[in-house]
Amino acid sequence: MSEVAPALLVVDDNEDNRFTLTERLKREGYGNVACASNGREALEMLATRSFDLVLLDITMPEMDGYQVLEHLKADTTLRNIPVVMISAVDEIDSVARCISLGAEDYLAKPFNAVLLRARVAACLEKKRLRDQEAVYTQQIENEKRRADELLYAILPAGAVRELKATNEVRPRRYNEVAVLFCDIVGFTAYCDENPPEKVVEDLQALIGEYERIVRQHGMEKIKTIGDAFMATAGLFDPMPDPVFASLRCGLAMVTASRCIEPKWEVRVGVHFGPVVAGIIGQRQLVFDLWGDTVNMASRIAAHASPGTVATSGATWHRIRERGRGRSLGFVEIKGKGRIELIECQELR
């Protein structure tokens, strides 16, 4: 495909000058040349058409070349169009003024064919390079935005902020974090009974709703593990009551799962305490949490009844005045012994 011919605009109140310059330009191979007989007409044309170069006479009635040039350079959509001033030999001081105002170059009358060819070609080449640079800059910005979107897709927002600010995410201990685990009841059997496309489609719809609910409650999704969903409150961003936010989020997730086909029942476990967090891997990075708090949240979810949110007695104690719960008694939790579990029935 051939390149589009550059569009040139000749602005001169003298008809003979316009004709002479236009013919010279056409002989140099520039066939896309338009003319304006005064500054106002030129600005009207520039507002409605795209030009690659303006050849502008200095001395014109009504609106001279200075005024046109000042208007062009003040307009953010027009300022990058190169302008070559057309001047008489005795107007060199005026040309210098125009160059200081932003003109690219000048041509003296009568027109010299060699200078015309060189200066027009140089200005168009500069314009081409500037346009190319703008395209490359936009491409870089688009790639940067896509990279950011990818980072936010695989890492929690807080980890992305730290990574962009310091070029790393330092592993550290967070002392007051609520960890939420949610898993689907009967998911393995569902996978065996349905085609993979339907399984993934239904799971994607549910996880997408969970992600919305987590954001709504000021929490952060950490990851999915099979059919299990893990989120935290108070990890990167301090919260006044991470336990309350997590329990309320869990109740919303239970409700959402019953409204989305195939209307699964889920179990949610919440526990509060310290965690260790960091990024693991050099390829296919994963942000993860470790520690007793994480294990407890997962095991509490496994002991919860379908369609309920459960937490430990110690965690419930933190919000006991703001909710109504039902004791599930003491259950044996691996590595912790017998722990009382509370089913969260209502929050106020």
Side-chain angles (χ1 to χ4, degrees), residues 177-194 198-233 241-272 293-334 336 338-348:
V177 178
V179 178
L180 177 151
F181 263 93
C182 175
D183 62 27
I184 300 171
V185 178
F187 184 74
T188 300
Y190 178 82
C191 289
D192 294 339
E193 297 167 0
N194 289 275
K198 179 171 174 52
V199 172
V200 173
E201 180 181 355
D202 290 344
L203 186 60
Q204 177 65 30
L206 184 65
I207 296 302
E209 181 63 10
Y210 283 177
E211 290 172 343
R212 185 193 67 79
I213 293 171
V214 163
R215 290 194 301 270
Q216 184 181 40
H217 289 82
M219 299 173 61
E220 288 187 310
K221 172 190 172 183
I222 301 301
K223 61 179 179 179
T224 57
I225 315 99
D227 64 308
F229 183 96
M230 179 182 178
T232 61
D241 199 338
V243 171
F244 187 85
S246 298
L247 292 173
R248 188 173 59 177
C249 179
L251 292 173
M253 293 167 80
V254 169
T255 300
S257 67
R258 291 170 172 169
C259 298
I260 298 176
E261 293 295 337
K263 299 184 178 180
W264 279 307
E265 290 286 9
V266 298
R267 290 185 285 248
V268 178
V270 174
H271 194 57
F272 179 80
T293 303
V294 180
N295 296 335
M296 280 289 292
S298 176
R299 289 162 186 164
I300 289 171
H303 283 84
S305 300
T308 67
V309 179
T311 186
S312 64
T315 299
W316 178 261
H317 186 76
R318 300 180 64 88
I319 60 101
R320 64 189 185 283
E321 302 298 331
R322 305 177 62 191
R324 180 170 59 85
R326 180 176 70 88
S327 176
L328 301 178
F330 287 80
V331 298
E332 190 73 28
I333 300 291
K334 182 180 178 181
K336 299 298 291 182
R338 292 178 61 79
I339 300 292
E340 184 183 22
L341 299 187
I342 303 294
E343 179 187 306
C344 177
Q345 297 181 311
E346 182 184 5
L347 293 172
R348 298 187 285 272

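Since we're looking at a predicted model, the values are computed, not measured.
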Indicate yes or no: at least one non-hydrogen side-chain atom of L251 is less than 4.5 angstrom from one of C344. yes
Going by side chain to side chain donor-acceptor pair (under 3.5 Å), name the residues that satisfy it together with S327, two or more places apart in sequence or in a different chain. E340
Full working for side chain to side chain contact (heavy atoms under 4.5 Å, CB included) between L247 and W316: CA-CA 9 Å; L247 292 173; W316 178 261; 4.1 Å; yes
Going by the side chain to side chain donor-acceptor pair (under 3.5 Å) test, which pairs reach into residues 243-261, not counting sequence neighbours? R258-E265
What pair of heavy atoms forms the shortest contact from I213 to A256, and how long is it? CD1-CB, 3.7 Å
Taking all non-hydrogen atoms of both residues, which atom of A310 and which atom of L328 are closest, and how far apart? CB-CD1, 4.4 Å
Nearest non-hydrogen partners of P306 and V185, listed with the distance: CB-CG2, 3.8 Å
Say you draw a straight line from CZ of F272 to CD1 of I319; how long is it, rounded to the nearest 0.5 Å? 12.0 Å
Not counting sequence neighbours, which residues clear side chain to side chain donor-acceptor pair (under 3.5 Å) with T315? List them please. H271, S312
So, using salt bridge (Lys or Arg N to Asp or Glu O under 4.0 Å) as the criterion, who are the partners of R324 when residues are at least two apart? E346
What residues form a side chain to side chain donor-acceptor pair (under 3.5 Å) with T232, not counting sequence neighbours? none
In chain order, what residues pass the side-chain contact (heavy atoms from CB on, under 4.5 Å) check against T224, with sequence neighbours excluded? I207, K221, F229
Show the atom names and distances, to 0.1 Å, of all donor-acceptor pairs under 3.5 Å that link a side chain in residues 296-304 to residues at least two apart or in another chain.
| unit_1 | atom_1 | unit_2 | atom_2 | d |
| --- | --- | --- | --- | --- |
| R299 | NH1 | K334 | O | 2.9 |
| H303 | ND1 | R299 | O | 2.9 |

For R318, check salt bridge (Lys or Arg N to Asp or Glu O under 4.0 Å) against everything at least two apart and list the hits. none
A side-chain contact here means heavy atoms from C-beta on lying under 4.5 Å apart; do V254 and T308 qualify? no
Please find the pair of heavy atoms, one from A233 and one from M219, that lie closest to each other, and give the distance. CB-CG, 3.8 Å
Applying side chain to side chain donor-acceptor pair (under 3.5 Å) as the test, list every pair that has at least one member in residues 178-192; sequence neighbours left out. Y190-D202
Contacts of F181 that satisfy ring pair (Phe, Tyr, Trp, His ring centres under 6.0 Å) - sequence neighbours left out: none
Rounded to the nearest 0.5 Å, what separates atom OG1 in T311 from atom CD1 in I339? 11.0 Å
Partners of E201 by salt bridge (Lys or Arg N to Asp or Glu O under 4.0 Å), sequence neighbours excluded? none
Could you tell me if the side chain of Y210 sits less than 4.5 Å from the side chain of V266, heavy atoms only? yes
Correct closest heavy-atom pair for V268 and C182 would be CG2-SG, 3.8 Å
Considering non-hydrogen atoms only, spot the tightest contact between G313 and I342 and give its length. CA-CG1, 4.0 Å
Could you check whether any side-chain N or O of D227 sits under 3.5 Å from a backbone N or O of I184, counting only pairs where one atom can act as donor and the other as acceptor? yes
Name all residues meeting the side chain to side chain donor-acceptor pair (under 3.5 Å) criterion together with R212; count only those two or more places apart in sequence or in a different chain, and write none if there are none. E209
Go through the steps for D241 and R322 under the test side chain to side chain contact (heavy atoms under 4.5 Å, CB included), then give the verdict. CA-CA 11 Å; D241 199 338; R322 305 177 62 191; 2.6 Å; yes
Would you say the side chain of V294 lies within less than 4.5 Å of the side chain of M230, judging by non-hydrogen atoms? yes
Give, for atom CG of L341 and atom CZ of R326, the distance between the pair rounded to the nearest 0.5 Å. 11.0 Å
